[in-house]
Amino acid sequence: PDDKYVATDAPDNSVTLWNLSLKQQVLKLPGPGRAVVWLTFSSDQQALAAAFIDGTFRVWDLNSGKQKFEGRSKLEQPSIAFSPDQKYLAVAMDQNVTELFDAQTGKSLRSFSFPKGPLGLIFFSPDGSKLFVTTTVGHLYGRNVRDGQLLSFTESHSSEVVSYAF
């Protein structure tokens with residue numbers, strides 16, 4: 001990212017986009033009337049995704065300020081993540097299911113189920129070839145994006161995983 005923008009949730013449950021060099025608000029993106037629980041930029045900062053406490057998720061084109069697509073998860077607070085190449089948006093859709101969407105069109109491309117849930121964090125490997133999830137009970141799982149092969153770890157944490165790093 002070029003660190004051009006920062007996004008914040010606003011008291012009215014919308015998303016505010018700030019231009020760091022201008023030090024001012026440049027866009028106010030409407031939400032569904034529920035609190036924002038997750039914000040993530042595409043790696044080129046051309047798109048922004050937000051997840052809301054009612055399970056709604058939205059993606060906006062930041063050049064036009066227009067909403068690209070909207071979807072709904074069965075979870076009240078879905079995790080979301082863009083792939084590093086901006087091709088995919090991953091969304092936690094159910095207790096142990098993550099869905100990959102085309103980040104440009106919102107078309108559902110593939111679902112991945114994981115042995116145990118409920119899902120916590122979602123993140124891609126730096127090269128985008130693997131999608132990882134954590135669970136609220138301490139498990140870490142991965143899937144190869146291309147073929148869906150499960151990458152299962154033999155040990156787990158004793159409680160929820162709340163951060164990660166590559």
Side-chain angles (χ1 to χ4, degrees), residues 1-3 5-10 13-18 29 31-32 34-60 69-103 106 108-166:
D2 61 9
D3 296 329
Y5 301 114
V6 65
T8 59
D9 63 324
N13 300 321
S14 65
V15 176
T16 303
L17 188 69
W18 305 88
L29 306 168
R34 302 288 187 167
V36 177
V37 294
W38 200 271
L39 292 168
T40 186
F41 283 102
S42 60
S43 62
D44 62 1
Q45 287 198 327
Q46 299 300 304
L48 177 70
F52 300 87
I53 202 161
D54 65 352
T56 302
F57 58 93
R58 291 182 178 174
V59 176
W60 293 275
F69 64 91
E70 177 179 311
R72 192 168 197 61
S73 168
K74 292 180 183 177
L75 299 176
E76 287 183 0
Q77 298 184 34
S79 298
I80 55 177
F82 279 107
S83 62
D85 61 5
Q86 302 107 42
K87 285 185 181 180
Y88 308 113
L89 178 72
V91 180
M93 296 299 286
D94 207 338
Q95 291 296 315
N96 66 330
V97 176
T98 297
E99 195 159 341
L100 282 186
F101 294 89
D102 180 302
S108 174
L109 301 173
R110 171 176 222 161
S111 291
F112 295 121
S113 64
F114 295 93
K116 295 184 180 181
L119 299 182
L121 301 173
I122 297 176
F123 52 99
F124 285 89
S125 59
D127 67 1
S129 67
K130 294 172 183 61
L131 175 67
F132 291 92
V133 299
T134 66
T135 70
T136 59
V137 293
H139 297 284
L140 171 66
Y141 298 109
R143 291 256 183 207
N144 285 326
V145 172
R146 192 178 75 246
D147 64 13
Q149 181 182 0
L150 180 66
L151 310 168
S152 188
F153 296 83
T154 57
E155 295 184 28
S156 64
H157 296 276
S158 60
S159 62
E160 182 174 9
V161 178
V162 296
S163 64
Y164 67 91
F166 272 99

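Residues Ile80 and Ile122 are not in side-chain contact: their nearest non-hydrogen atoms beyond the backbone lie 4.5 Å or more apart. Counting only heavy atoms from C-beta outward, the side chains of Tyr141 and Pro115 approach each other to under 4.5 Å. Under the 4.5 Å side-chain criterion, counting only non-hydrogen atoms from C-beta, Asp102 is not in contact with Tyr88. Counting only heavy atoms from C-beta outward, the side chains of Thr135 and Phe114 never approach each other to under 4.5 Å. Residues Arg143 and Leu151 form no side-chain contact, since every pair of their non-hydrogen atoms from C-beta on lies 4.5 Å or further apart. Side-chain contact between Val91 and Thr98 is absent, with no heavy atoms from C-beta onward closer than 4.5 Å. Considering only heavy atoms from C-beta on, Thr134 stays 4.5 Å or farther from Leu119 through its side chain.
Other residues, nucleotides and ligands place more than 12 heavy atoms under 6.0 Å from the CD atom of Glu70.
Taking each heavy atom of Pro78 and Ala51 in turn, the nearest pair found is O-CB, 3.3 Å. Shortest non-hydrogen contact noted between Val36 and Ser14 is CG2-O, 3.9 Å. Nearest heavy-atom pair, Asp127 versus Pro84, reported as atom, atom and distance to 0.1 Å: C-CG, 4.5 Å. Nearest heavy-atom pair across Ser111 and Val97 is CB-CG1, 4.3 Å.
For the side-chain contact (heavy atoms from CB on, under 4.5 Å) criterion with Leu48, the lone passing option out of Phe82, Tyr5, Phe41 is Phe41. Between Phe112 and the choices Leu131, Asn144, Val133, the side-chain contact (heavy atoms from CB on, under 4.5 Å) rule is met once, by Leu131.
Side-chain contact of Trp18 with Thr8: a donor-acceptor pair under 3.5 Å is present, judged by distance alone.
Residues satisfying the salt bridge (charged side-chain N to carboxylate O under 4.0 Å, His left out) criterion with Glu160, sequence neighbours excluded, are absent altogether. Among residues two or more places apart in sequence or in another chain, the salt bridge (charged side-chain N to carboxylate O under 4.0 Å, His left out) test is passed with Asp54 by Arg72.
Using cut-offs of 30° and 60° on the angle between ring planes, the pair Phe166 and Tyr164 is perpendicular.
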Report task. Report the C-alpha separation of Phe101 and Phe57 in whole Å, then their side-chain angles, then the decisive distance to 0.1 Å, and conclude whether the ring-ring contact (aromatic ring centres under 6.0 Å, His included) test is met. Result -> CA-CA 12 Å; Phe101 294 89; Phe57 58 93; 5.3 Å; yes
